[in-house]
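Here's the structure, in structure tokens; my notes come after.
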2 protein chains.
Amino acid sequence: MSPAAETEAPWARRPKRADGRRNYDAILEAARVAFANRGTGASLEDIAKAAGVAIGTLYGHFPTRETLVEASVREQLDQLDQAATTLTEEDGDALGALTAWVRLAVEHCSTYRGLASFLAGSAHTAGAPLHHTGVIVHKAVAPLLAKAKEAGRIRTDVTAEELYAVITAAAWTRENSPEQVDHSVRLLAFVTEGMAPQAG
Amino acid sequence: MSPAAETEAPWARRPKRADGRRNYDAILEAARVAFANRGTGASLEDIAKAAGVAIGTLYGHFPTRETLVEASVREQLDQLDQAATTLTEEDGDALGALTAWVRLAVEHCSTYRGLASFLAGSAHTAGAPLHHTGVIVHKAVAPLLAKAKEAGRIRTDVTAEELYAVITAAAWTRENSPEQVDHSVRLLAFVTEGMAPQAG
DNA sequence: CCTCGAATGGAGGTAACCTCCCCCCTCGAG
DNA sequence: CTCGAGGGGGGAGGTTACCTCCATTCGAGG
């Protein structure tokens, strides 16, 4: 986090000129609304229209759909990261802390319909805007996972990678569940049990 | 399965005229290739072209993408159904039979990239071509599930519905896993453990 | 051979993606 | 305050894919 050597992402940097920033923010806000209503596949031209901006402007700020999706969830991601830190520092139930965080992560990964697919798709593609997201999640879980292992509450062979796969799968299930019956809850419950040591 | 009272699907019935059947088959074959290469989102116009047929002809036989997807996996589905019957009749490890079938189902549900999403999407939409698929899967697991419960090898509160959610989630994970590292295997392992009685 | 209607072809309307490039407006230097 | 540079904006238009529609063709049964 050295402020000088900041390796900032080359895509979707908030512009320096005032009008640029105004449009950037308007697009982002419109995108959040559109993604919430129609999923990550929402029409970019509609988003531009809703933001009161031409399509070229949108592409100027966000060269691909993925960069726009990434930007629209970045804040939530930071919260998730902080939550992990908080939960790690708390004393007490190490397994509870881990599962609580996982539930939180699932919720965030299913903010928009289609988000889970984006995340899974770029998880193994270095350089993708949302790959960055996956990396942060990995770093965030690591301490929680380690603590749960030390406490003997979880198998020692469970990796952060696997946990990420579980999280995205649960998020996807949540997106695809019918109203009022979130199957991801049960899925997570089963997986949690299955990750306990000597379960077999 | 009464041959007279056959409630056949109104979509994508194999046509009676010879030229119609020829085209129907050609389209289906081209679709299988295209879906295998590009996923269920493959261009329908390309499929028509590959089948040596005009786009209107394709739509004549398969009014929606979903009907085409359904038709292209129907045979596999029947095999899956039969496998369930066979495994149910076998004596021996009831849990093993169930998990073996589940693994088979996951494989079939991830035949094409995007298939899992189609299945999950229409799972709760009565009337959808692929809803039919979900129903058959439900019927197929029921006996296997019952047997495993009787043998005390699985929690009695696990429903076929939940199992279907697990299967599609695992299939989706498989589709999204990087080459050579199929995370769905581990996911299934965890879930299986978690479904055991008195695991907690 | 003839008739009926199933099956076909493919033009064309619609929607969304994305690029390109001219023009304008902001901002900082003078 | 003025002015010049260039970052930023606009939006037309090429491209691809979806899906519909209907005049025409052709197969099957009589």
Side-chain angles (χ1 to χ4, degrees), chain A residues 8 10-31 33-35 37-72 112-114 117-118 121 128-129, chain B residues 8 10-31 33-35 37-72 112-114 117-118 121 128-129:
Chain A
E8 195 153 344
W11 19 263
R13 193 158 36 261
R14 195 147 176 273
K16 34 201 164 308
R17 247 174 64 176
D19 55 344
R21 252 181 332 239
R22 213 181 319 122
N23 285 334
Y24 179 97
D25 293 341
I27 292 166
L28 212 43
E29 183 51 32
V33 172
F35 289 160
N37 291 333
R38 317 209 149 229
T40 53
S43 158
L44 296 180
E45 306 201 302
D46 284 355
I47 291 173
K49 214 168 291 172
V53 141
I55 185 65
T57 305
L58 187 149
Y59 277 96
H61 290 300
F62 306 97
T64 66
R65 181 181 295 274
E66 202 187 341
T67 55
L68 184 52
V69 171
E70 194 277 337
S72 71
Y112 308 128
R113 230 171 342 110
S117 290
F118 262 102
Chain B
E8 196 154 345
W11 19 262
R13 192 157 40 262
R14 196 146 174 274
K16 34 199 163 310
R17 252 173 62 176
D19 57 343
R21 258 190 321 255
R22 213 182 317 124
N23 285 334
Y24 180 96
D25 292 342
I27 292 167
L28 213 42
E29 183 50 34
V33 173
F35 289 159
N37 291 334
R38 317 209 150 228
T40 52
S43 160
L44 296 180
E45 306 202 303
D46 283 355
I47 290 174
K49 214 167 292 172
V53 140
I55 185 65
T57 304
L58 187 149
Y59 276 96
H61 290 299
F62 305 97
T64 67
R65 181 183 295 275
E66 202 186 340
T67 55
L68 184 51
V69 171
E70 193 275 338
S72 72
Y112 308 127
R113 232 174 338 111
S117 291
F118 262 103

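Within every chain, numbering begins at 1; the chains are lettered A, B, ... in the order of the sequence lines, protein sequences first and strands thereafter. Only this structure's heavy atoms are used, side chains among them; waters, hydrogens and symmetry mates stay out. Treat the numbers as computed from the prediction; the structure is a model and nothing was measured.
Contact annotation for B/P15: backbone-only contact, meaning every heavy-atom pair under 4.0 Å involves sugar-phosphate atoms and none involves a base. Across all strands, B/G60 comes closer than 4.0 Å to no nucleic acid atom at all (heavy-atom distances). Within the 4.0 angstrom heavy-atom criterion, only backbone atoms of the sugar-phosphate kind lie near B/L44; the bases stay farther away. Residue contacts shown for A/N23 are limited to sugar-phosphate atoms, with no base heavy atom under 4.0 Å away.
Among A/K16, A/R17, A/R21, the single residue meeting the salt bridge (Lys or Arg N to Asp or Glu O under 4.0 Å) criterion with A/D19 is A/R17.
Remark: C1' of D/dG9 and CD1 of A/I55 are 12 Å apart, rounded to the nearest angstrom. With rounding to whole Å, A/Y24 atom OH is found 12 Å from D/dG9 atom P. If you measure from atom CZ of A/R13 to atom C1' of D/dG7, you get 14 Å, rounded to the nearest angstrom. The separation between A/I27 atom CD1 and D/dG9 atom C1' is 10 Å, rounded to whole Å. Counting to the nearest Å, the P atom of D/dA12 and the CD atom of A/E45 are 11 Å from each other. Between B/D19 atom CG and D/dT24 atom P the separation is 19 Å, expressed in whole Å.
Annotation: of the two residues near DNA chain D, B/T64 and A/R17, the 5′-most nearest-nucleotide partner is A/R17. When each of B/R21 and A/A54 is assigned the nucleotide of DNA chain D bearing its nearest heavy atom, the one mapping closer to the 5' terminus is A/A54. With DNA chain C read from its 5' end, the first of the two nearest nucleotides for B/G56 and A/R65 is the one closest to B/G56.
Here chain B contacts DNA chain C (any atom closer than 4.0 Å to a heavy atom, that is under 4.0 Å), and the contacts span C/dG5 to C/dA11 from 5' to 3'.
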Test log, rule side chain to side chain contact (heavy atoms under 4.5 Å, CB included), inputs A/E29 and A/V33: CA-CA 7 Å; A/E29 183 51 32; A/V33 172; 4.0 Å; yes

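Under the 3.5 Å distance criterion, the side-chain polar atoms of A/R65 are matched with a main-chain donor or acceptor of A/A42.
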Per-pair distances, 0.1 Å, donor-acceptor, side chain in residues 47-63 of chain A, under 3.5 Å, sequence neighbours excluded:
none

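Scanning both residues, B/R13 and B/Y24, for their nearest heavy atoms gives O-CE1, 3.9 Å.
Between A/T57 and D/dG10 there is a side-chain N or O to OP1 or OP2 distance below 4.0 Å.
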